[in-house]
Amino acid sequence: MAILPILHFPDPRLRNPAQPVARVDGALRALLDDMLETMYAAPGIGLAAPQVNVSKRVIVIDISEERNAPHYFVNPEITASRGAEVFEEGCLSVPNIYENVERAEWVRVKALGRDGKAYELEADGLLAVCIQHEIDHLEGKLFVDYLSELKRSRIRKKMEKLRRHTL
Ligand code: NI
């Protein structure tokens, strides 16, 4: 297992739509394990492959307090959603920024698991928010895209300044 470097907004690589996974094999499982380790170390509750510069439709999530209940989503797709809820979100690719975003309050998602088998999951609350946030990453979309242009440009400036100081 390895901890992978995480790309930060406004890195243009975060904007590329990710490619579907053809086969869940050993290499893909190694990626899932590395992503999980990277997410736990960060620490975060969700991570999408484009955030670690891998253009694949792969997500890991763990919202448990104990950090021992990982969810693996390969080629995830939201097949139903309803309601609306506002949550304060953050993102490992936009460190130290937290803003309110409105999303569906309930979703049904289908995906392949770590074993390559198809499954379906229904989620609400934090898990539903997290699934929608991470699937956005697969489309090259970030939570700051839901904010006003003014707010987003302020965050961009802050990130660029931060990067200059941490090089
Ligand atoms: Ni994120």
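On a predicted model such as this, the values are computed, not experimentally measured, just so you know. Atoms within a ligand are numbered from 1 in the order they appear, just like the ligands themselves.
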Subject >> Neighbouring protein N, O or S atoms of the Ni ion (ligand 1) [cut-off: under 2.8 Å, no waters] >> reply: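 C91 SG, H133 NE2, H137 NE2, with waters left out.
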Original post:
According to the side chain to side chain donor-acceptor pair (under 3.5 Å) rule, which pairs have a member within residues 2-13, sequence neighbours left out?
Top reply: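 Only D11-R13 qualify under side chain to side chain donor-acceptor pair (under 3.5 Å).
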Subject >> side chain to side chain donor-acceptor pair (under 3.5 Å) contacts touching residues 20-39 (sequence neighbours left out) >> reply: D33-R114
**OP:** Answer whether the closest heavy-atom distance between the side chains of I45 and M39 falls below 4.5 Å.
**Re:**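 Heavy-atom side-chain distance check fails, nothing below 4.5 Å.
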Subject >> Basic-acidic side-chain contact under 4.0 Å: K157, E160 >> reply: no
Subject >> E120 bridged to K110 by N-O distance under 4.0 Å >> reply: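 No, no charged N to carboxylate O under 4.0 Å.
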**OP:** Using salt bridge (charged side-chain N to carboxylate O under 4.0 Å, His left out) as the criterion, list what pairs up with D145, not counting sequence neighbours.
**Re:**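 Residues passing salt bridge (charged side-chain N to carboxylate O under 4.0 Å, His left out) with D145: R15.
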